[in-house]
Structure formats: C-alpha cells, structure tokens
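Note sheet for the following structure.
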Amino acid sequence: MKASSYLVPTAKEDPQDAVVASHKLMIRAGLVRKSSAGLYFYLPLGLKILRKIEQIVREEMDRSGALEFQLPILTPADFWKVSGRWDKMGKEMFRLKDRHDNENCLGPTHEESFCNLVKPMLKSYKDLPINVYQIHTKFRDEIRPRFGVIRSREFTMKDAYSYHIDDESLDKTYQVMRSTYRSIFKRMGLSTIPVQADSGNMGGSASEEFMVVSPIGEETLMICKSCGYNGNIEKTPLISHNTNAKSTLAEFSQSDKTSTPNAKSISEVSTTLGLQDKDCIKALALVSDDKPILVFLLGDRELNEAKLRNHLKTNELRPMGNKELEKYNLVPGFIGPQATYHSDLTVILDASIDSNLGYVAGANELDYHYRSVVMGKSHTQFDSIDCSLTRKNDPCPNCGTGLDEEKGIEVGHIFKLGQKYTEAFDIKVLDQNGKTKILTMGCYGIGVNRCMATIIEQCNDEKGIHWPITVAPFEIALVSITKAKEDTAKVEKIYQELVSKGLDVFWDDRDLGPGFKFKDSELIGFPIRITIGKAFLEKAEISILVRKTGEEILHQFTDEKSLYDEVLKIRTQLYQELEDNNHE
Ligand code: ATP
Ligand code: MG
C-alpha cells in the first residue's frame with residue numbers, strides 16, 4: 001500500500017477530551033475519530049487492526065471447536081421478557097419501537113437470542129455439548145462512556161454460549177475456553193491475568209475475568225505473588241486476623257457509656273477517644289429491595305457491596321433515607337449493634353468482627369457511644385458473613401501471604417451460567433436413559449475494541465505505539481527519502497518486489513520531509529521500518545529498524561532478494577516471540 005493513495009490523518013496534539021494513552025494515540029495516529037459520546041468512526045488503519053484482532057479471536061475459537069453464527073443486533077422485547085431481563089436491564093439497554101409499535105432493543109448481550117435460536121435444534125444428548133459464538137456489534141448505553149473505545153456505547157464483542165447435559169461437560173468446555181482465552185490474548189501480544197470473579201446473585205458457580213493490569217483500570221485485583229492467587233476485589237474473601245484488638249481494648253470496662261459530642265464518623269469517634277479506627281464498629285443503614293438492612297463492619301474496613309448483594313440475593317442496595325432511619329429508631333452517627341431493633345430490620349455482622357472482643361460502638365443515642373461492646377453469644381441471631389473489602393497486605397485466602405493490590409481492565413470474561421436461561425427458555429433434551437433434562441450453560445465474552453485499546457496501553461512509548469506484529473495495521477513501513485525520479489523508481493522496484501513476495505508493506509511515498517515521515521511511522525507503530533535514503537544512494541545501505549526495541553540493522557543492498565531475506569528473518573523473529581509466549 002502506498003501512503004500517497006491512503007489516508008494518514010495523524011495529529012501532533014492530543015485530543016482535549018482524552019485522558020488515557022490509548023485514547024490519545026488512537027486519535028493522533030489516525031485510527032479512529034470520535035463521532036459523539038461513546039461512539040467512534042473507525043478509519044482504514046484502525047479497522048485493519050480491529051479486523052486482525054477479530055481474526056485471531058475467530059481462529060482460536062474455531063480451533064476450540066466453537067461454531068460461528070451471526071444474529072440480528074435488533075432483538076425483540078419478547079426474548080427478554082422470557083428471562084425477565086426486559087425489566088432488569090435498566091437504562092443500559094437501548095430500547096426502540098418499530099413501526100408496528102413492537103418493542104425491541106439493540107442487543108447489549110445475546111444469551112436470550114442464542115437460547116431462542118438453539119432451543120429447537122437441540123433434541124438429544126447426542127447434540128451436545130455445543131459452543132456457539134459470534135463476533136458482532138453490541139450496544140450499551142453506558143452511564144459514563146470513557147477512555148475512548150475502552151468503555152463505549154457501541155462496540156464489537158465476541159460472545160460465546162455453550163450448552164451441556166451436565167456440570168462435568170460444562171466444566172470441560174469452561175477449561176477449554178480458559179486456555180483458548182490465554183492463547184487469544186498471547187497471540188495478540190496482550191499480557192492478561194485470569195482472576196476469580198464475582199458470579200453475581202443470579203446463579204452461576206464459577207467465573208473468571210481476564211484482566212490487563214493497568215493504572216487506568218476500573219477494577220481492583222488482589223494478587224498473591226507467593227501462591228499465584230488472583231481475585232477481583234469483589235470476590236476475594238477476607239480472612240480475619242483481629243488478634244491485637246484485645247490488648248488495646250482490655251483496659252475498658254464493659255459497655256461504659258461515654259459522651260462523644262458531634263463524633264459521628266469513625267475517625268471522629270476514634271480521635272475523640274484516642275483509639276484506632278479498627279477498635280470501633282462502623283454501622284451502615286441500607287435498603288435492599290425495600291427491606292431495611294443494618295450492616296456492622298470494623299471501623300477501618302469498607303463494605304464489599306458485591307458480597308452483600310450476593311448474600312441478600314439482590315441487585316439493589318442504597319443508603320437509608322432520613323425518614324427510614326427515623327422509622328426504625330436509628331440515630332445516624334450513633335448506631336450500635338447492642339441496640340434493640342425494630343423487628344423488620346435485618347442485621348448483618350461482618351465476619352471480621354470478633355464476638356469475644358470489646359469494641360467502641362454507637363449507643364443509638366445522640367452524642368453517645370459505648371466504649372466496649374462485646375458481641376458475645378447474645379448476637380448469634382445476627383447473620384455473620386464476610387462482607388468487607390480486602391486491601392493490600394490482607395492475608396491471601398489460599399496461603400496467608402500478604403496480598404498485593406493492582407488496578408485492572410477487564411478484556412474478557414468466562415462464566416458458568418448454570419440453568420438460569422435454560423430453565424427460563426425450557427431448553428431440554430433426552431439424556432442417555434431417555435429422560436428429559438434441562439441443560440446447563442456457560443458464556444464467554446471478549447471485548448474486541450477494548451483489546452485494541454489495552455494493547456496500546458501496554459505497547460506505547462514517548463514516540464507513539466509499537467504494535468505487536470500480529471495485530472499491526474501493516475507489518476512493515478518503507479520510508480523513502482528520494483527526490484530524483486530515477487531514485488524513486490529504484491525504491492518502487494524494491495517495494496514491488498517485497499510486496500510480490502508476500503510482505504505486508506506500507507510505503508510512505510508522500511512528498512514530505514523525512515522527519516515527518518519518521519514521526520508518523522513511529523506514532524502509528526509499524527513493527528519494522530525500512531529506510532531508503534541518502535545512505536542507500538551513496539553506499540547502497542538500507543536501515544531496518546525494529547520499532548519496539550529500537551534495534552537497527554544496516555543492510556548492505558545487493559539485490560531485492562537478499563533484502564527480502566533479511567526483512568523476512570526479522571519478521572519471523574517477531575512472530576516467533578509471540579509464539580514462544582504462547583507456549584509458556
Ligand atoms: P464492565 O464491567 O467493564 O462494564 P461487563 O462485565 O459489563 O464489563 P461483559 O458483559 O462481561 O462486560 O462483556 C464482555 C466483554 O465486553 C468485557 O470483558 C469487555 O471486554 C467488553 N465490554 C463490555 N462493556 C464494554 C463497553 N462499554 N465498551 C467496550 N467494551 C466493553
Ligand atoms: Mg458493563
């Protein structure tokens with residue numbers, strides 16, 4: 001491809017609304033342009049990258065035995081009413097009516113559509129297992145579209161759904177997907193870690209997210225360098241270790257009521273009493289599906305909403321309003337676990353509260369706390385569950401070593417769904433004994449555009465992007481710096497020869513200065529750059545530069561064939577590095 005007949009709308013300046021490297025570089029390198037909030041135009045260079053990523057995903061999915069489909073993006077409300085998600089999906093779903101007044105939505109995911117499609121085709125256990133997928137557009141009206149294509153409102157997803165006669169078969173496919181995902185990400189040069197993820201409260205027994213560790217990530221990952229445990233913070237259990245609370249609190253007498261004027265927050269209370277936050281008990285008054293909930297945590301801990309939601313089997317959780325606090329006789333800022341509660345209240349104690357120790361807790365009376373409240377046996381009527389967020393240095397749930405904390409971007413998700421959808425759609429087959437059996441299901445997603453952006457997050461430097469060769473828009477940039485016609489003709493001959501031998505070359509033949517062309521090639525991030533300029537004309541020397549490492553080879557030009565051999569060697573090596581990666 002010649003640059004003179006291509007479109008290279010690069011820019012020097014970062015776009016004003018971009019805060020992360022990938023967003024800035026995608027725009028500056030001329031890969032995408034913004035259409036409006038969360039919507040992007042893909043330009044030819046950007047689209048090539050996207051297609052290469054899709055192709056890697058497709059090849060690996062096909063290799064795993066999955067079957068590719070393409071379903072309509074527009075889906076009828078009726079499908080969603082079967083699973084109950086028409087009412088549950090909320091505002092993230094783009095809904096629209098057709099001319100006959102029928103309700104539809106632009107699919108944010110396709111469990112319902114695939115269930116509808118496969119149901120009449122699956123009759124016997126012999127038809128199973130089956131793993132169906134598509135690589136197609138999804139719409140989600142994200143509340144905060146941001147970071148360019150990382151969180152957009154229209155994006156391409158590979159979504160796969162597997163159907164099984166039993167859990168054993170589901171687990172087999174789940175493990176195949178797990179290793180397929182590793183191959184997919186490694187082939188595209190993206191380093192990811194699978195982390196244990198929250199399966200939500202809608203059934204489903206196992207779930208892992210593939211995370212790209214990055215400071216811009218919206219997810220928090222707890223990582224154990226010692227045993228290899230990786231978990232999303234939402235999922236990571238907190239193993240309690242509250243032994244030293246005893247010594248600090250031993251001096252206080254039981255339930256010693258103390259005046260704590262205006263001390264409402266934990267830090268105000270602990271400062272007033274000269275203690276540490278962890279010596280106090282924190283109360284959270286919440287409402288879940290109209291039910292009042294009171295949660296008690298150690299003062300230095302934060303609530304893990306996902307754990308609490310799962311326990312309550314709900315999605316909805318909000319703080320109690322003033323009227324509700326009044327209704328349940330709760331005095332905000334001074335709520336304590338020893339109070340006698342309104343019978344409607346569900347009281348939950350975090351498991352890290354030691355029922356044998358004394359803690360400072362609200363007296364449920366304005367401006368008063370108790371200095372030492374011991375839960376003891378009288379509190380066994382409260383549910384004690386793990387609902388704290390873990391944090392750095394908490395013990396690893398596997399081996400007890402202090403955990404590390406990282407931020408991560410989710411690029412893929414594998415999930416054992418269980419029978420939520422197969423039951424709703426009544427998908428059953430005859431088993432070996434001729435009995436009907438409801439199937440069980442898995443689902444597996446990858447965000448294609450998000451992969452593209454996260455590769456840039458991992459592969460950039462001050463000059464721009466350095467694409468892994470497997471997903472580069474072109475593998476090789478040929479930069480020519482010649483003026484005379486006969487010199488340009490020599491370059492043309494070399495270019496034609498390389499292309500005819502099958503190399504993927506982007507020839508920057510534009511009538512621009514060398515500095516400009518070098519900058520563009522580094523910004524766009526072609527993995528290999530061949531420069532033919534003064535040194536070639538004077539002493540037949542051609543520079544071959546590896547973008548990522550900056551390594552330069554000076555090739556003594558004799559003929560096109562030997563240049564081709566040299567470039568091919570480097571190209572093969574770059575592919576090899578990703579391959580080697582793949583078999584780690
Ligand atoms: P997130 O928590 O980031 O919103 P999700 O849990 O909603 O992700 P899934 O429903 O599991 O995501 O979708 C599968 C994949 O689709 C994700 O792993 C991610 O790579 C991609 N994805 C999800 N939402 C978006 C979006 N708004 N823009 C781009 N990619 C997305
Ligand atoms: Mg989401």
Side-chain angles (χ1 to χ4, degrees), residues 20 22-23 26 32 34-35 37-40 42 46 50 53-54 56-57 61 73 83 85 88-94 106-114 133-161 174 177-178 180-181 184-185 188 190 192-202 204 206-212 214 216-221 232-235 305-306 309 315 407-417 420-421 441-457:
V20 300
S22 57
H23 188 190
M26 281 172 95
V32 301
K34 186 169 172 177
S35 159
L39 298 175
Y40 287 85
Y42 277 77
L50 201 70
I53 295 173
E54 281 178 19
I56 289 175
V57 174
M61 287 301 290
I73 296 166
S83 66
R85 288 210 288 185
K88 287 228 161 104
M89 289 298 263
K91 290 190 169 170
E92 210 165 287
M93 204 176 206
F94 277 103
L106 300 174
T109 174
H110 276 75
E111 282 83 357
E112 284 81 355
S113 290
F114 264 111
Y133 82 98
Q134 61 174 346
I135 301 176
H136 211 5
T137 307
K138 298 276 182 273
F139 288 87
R140 292 184 183 182
D141 199 358
E142 298 279 356
I143 188 163
R144 281 219 298 161
R146 60 192 196 133
F147 298 162
V149 305
I150 289 182
R151 186 170 297 287
S152 55
R153 299 198 298 161
E154 176 180 338
F155 57 98
T156 306
M157 196 201 286
K158 184 285 292 172
D159 49 325
Y161 309 87
Y174 182 87
M177 280 297 102
R178 199 171 185 274
T180 299
Y181 271 41
I184 287 173
F185 295 126
M188 58 177 82
L190 190 57
T192 61
I193 50 170
V195 305
Q196 302 288 326
D198 178 39
S199 302
N201 54 63
M202 308 304 276
S207 155
E208 274 163 290
E209 291 159 334
F210 284 75
M211 294 284 189
V212 172
S214 160
I216 68 156
E218 293 174 295
E219 307 286 336
T220 304
L221 323 179
N232 190 315
I233 193 166
E234 290 189 336
K235 170 84 177 177
E305 283 194 27
R309 270 199 223 105
N315 274 326
K407 288 289 174 192
I409 306 169
E410 178 198 321
V411 286
H413 196 172
I414 58 174
F415 203 104
K416 286 186 186 172
L417 281 171
K420 174 175 154 60
Y421 297 94
M441 209 178 147
C443 76
Y444 320 92
I446 290 182
V448 177
N449 325 61
R450 199 179 274 187
C451 284
M452 177 171 167
T454 45
I455 293 170
I456 301 177
E457 289 294 332

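Just so you know, residue 1 is the first one in the sequence shown, and it goes up from there. Both counts, for ligands and for their atoms, begin at 1 and track the order of listing. Quick caveat: nothing in here was measured; it's all calculated off a predicted structure. These numbers come from the heavy atoms of this one structure, side chains and all, not from hydrogens, waters or symmetry mates.
Side-chain contact between His110 and Lys138: present, with at least one pair of heavy atoms (C-beta onward) separated by less than 4.5 Å.
In the vicinity of Gly412, heavy-atom distances shorter than 4.0 Å reach the ligand 1 atoms 18 (O). If you number the atoms of ligand 1 from 1 as listed, the ones under 4.0 Å from a heavy atom of Val149 come out as 29 (C). Atoms of ligand 1 lying under 4.0 Å from at least one heavy atom of Glu410, given by number and element, are 2 (O), 6 (O), 8 (O), 11 (O), 12 (O), 17 (C), 18 (O), 19 (C), 20 (O). Near Glu219, with a cut-off below 4.0 Å to any heavy atom, the atoms of ligand 1 are 2 (O). The contact set between ligand 1 and Glu142, taken as ligand atoms under 4.0 Å from a residue heavy atom, comprises 24 (N), 26 (C), 27 (N). Contact atoms of ligand 1 toward Val411: 18 (O), 20 (O) (distance under 4.0 Å to a heavy atom of the residue).
The shortest heavy-atom distance from Thr109 to ligand 1 is not under 4.0 Å. Taking a 4.0 Å cut-off on heavy atoms, Ile150 registers as neighbouring ligand 1.
Residue, atom and distance of the protein heavy atom nearest to atom 4 (O) of ligand 1 are Arg151 NH1, 2.8 Å. Here the heavy atom of the protein found nearest to atom 28 (N) of ligand 1 is Ser152 N, 3.1 Å. Taking atom 5 (P) of ligand 1 as the reference point, the nearest protein heavy-atom neighbour is Arg140 NH1, 3.8 Å.
Using a 30° and 60° split on the angle between ring planes, Phe139 and Phe94 fall in the perpendicular class, above 60°.
No N or O atom of Met157 sits closer than 3.5 Å to an N or O atom of ligand 1.
A donor and an acceptor atom, one from each side chain of Ser207 and Lys416, are nowhere located under 3.5 Å apart.
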